[in-house]
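Quick one: the structure is below, questions incoming.
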Amino acid sequence: LSRRLRHRGPDDSGLHLIDNNGKITVLCHERLDIIDPTDGGHQPMIPSNDENVVFIYNGEIYNYQEIRERYKDKFKFNGTSDSEVLGPLYEDYG
């Protein structure tokens with residue numbers, strides 16, 4: 001499945017398997033490194049404050065720097081990716 005998406009993001013590839021009582025869910029992501037070329041932007045992403053949350057995101061968050069500044073004292077960011085701000089936003093707003 002992931003190979004079919006490779007053309008969308010040839011810089012990084014990630015998989016995460018979730019076993020829910022024998023029902024397997026696979027999250028896969030192909031990434032084009034634009035904002036954060038480091039491993040800090042690797043997806044599927046697990047926010048540092050909650051190991052029970054896993055997400056993938058395809059898009060750009062235009063005001064991510066403003067959001068990151070708002071949460072810098074309450075949340076440990078691993079890189080500079082715009083997608084990372086989804087972790088603290090999910091914690092606050094669900």
Side-chain angles (χ1 to χ4, degrees):
L1 174 66
S2 187
R3 280 189 221 134
R4 291 181 182 218
L5 299 173
R6 182 95 5 104
H7 68 281
R8 297 189 65 187
D11 297 328
D12 189 23
S13 185
L15 291 171
H16 186 81
L17 300 173
I18 301 167
D19 183 351
N20 186 11
N21 297 320
K23 294 181 180 180
I24 305 295
T25 301
V26 179
L27 299 176
C28 63
H29 190 267
E30 297 295 325
R31 182 174 148 220
L32 182 61
D33 296 340
I34 295 174
I35 293 178
D36 184 357
T38 70
D39 287 343
H42 179 76
Q43 293 187 45
M45 193 171 283
I46 301 172
S48 62
N49 292 6
D50 190 348
E51 296 288 323
N52 294 314
V53 174
V54 179
F55 66 85
I56 54 175
Y57 177 75
N58 183 23
E60 185 174 350
I61 302 170
Y62 295 108
N63 64 335
Y64 78 97
Q65 292 171 322
E66 175 187 322
I67 297 168
R68 179 182 292 274
E69 183 67 24
R70 186 179 342 151
Y71 287 102
K72 70 180 181 182
D73 295 330
K74 297 192 291 184
F75 192 85
K76 180 186 175 293
F77 293 103
N78 296 316
T80 58
S81 169
D82 59 337
S83 299
E84 269 194 293
V85 300
L86 293 175
L89 288 172
Y90 179 79
E91 287 180 6
D92 277 356
Y93 300 104

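What you see is a predicted model; the values in this text were computed from it and never measured.
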request  = Drop me the distance from Asp92's CG to Lys74's NZ, to the nearest 0.5 angstrom.
outcome  = 5.0 Å
task = Taking the side chain as every heavy atom from C-beta outward, state whether Ser83 and Met45 have any atom pair closer than 4.5 Å.
result =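 Ser83 vs Met45: side chains touch.
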task = For the residue pair Ile61 and Leu86, establish whether any side-chain heavy-atom pair is separated by less than 4.5 Å.
result = yes
message = For a quick test of reading the model, state the closest non-hydrogen atom pair linking Asp19 to Gly22 and the distance between them.
response = OD1-N, 2.8 Å
key: CD on Glu84 to CZ on Arg68, rounded to 0.5 Å   = 5.0 Å
remark   = Rounded to the nearest 0.5 angstrom, the CG-CD distance for Asn63 and Gln65 is 9.5 Å
query = Lys23 and Asn21: side-chain donor and acceptor closer than 3.5 Å?
reply =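 No, because no side-chain N or O of Lys23 sits under 3.5 Å from a partner of the opposite role on Asn21.
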ask   = How many angstroms lie between CZ in Phe75 and CD in Glu91, if you round to the nearest 0.5 Å?
value = 5.5 Å
task = Name all residues meeting the side-chain contact (heavy atoms from CB on, under 4.5 Å) criterion together with Tyr62; count only those two or more places apart in sequence or in a different chain, and write none if there are none.
result =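 Partners of Tyr62 under the side-chain contact (heavy atoms from CB on, under 4.5 Å) test: Glu60.
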request  = Report yes or no: does Asp82 contribute a side-chain atom to a donor-acceptor pair with the main-chain N or O of Tyr64 at less than 3.5 Å?
outcome  = no
ask   = Looking only at heavy atoms, which two atoms of Val53 and Tyr90 are closest? And how far apart?
value = CG2-CE2, 3.5 Å
ask   = For the side-chain contact (heavy atoms from CB on, under 4.5 Å) test, which of Ile46, Thr25, Val26 pairs with His16?
value =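 Of the listed options, the one satisfying the test is Ile46.
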Check: Leu27 and Phe55 side chains under 4.5 Å, non-hydrogen atoms = no
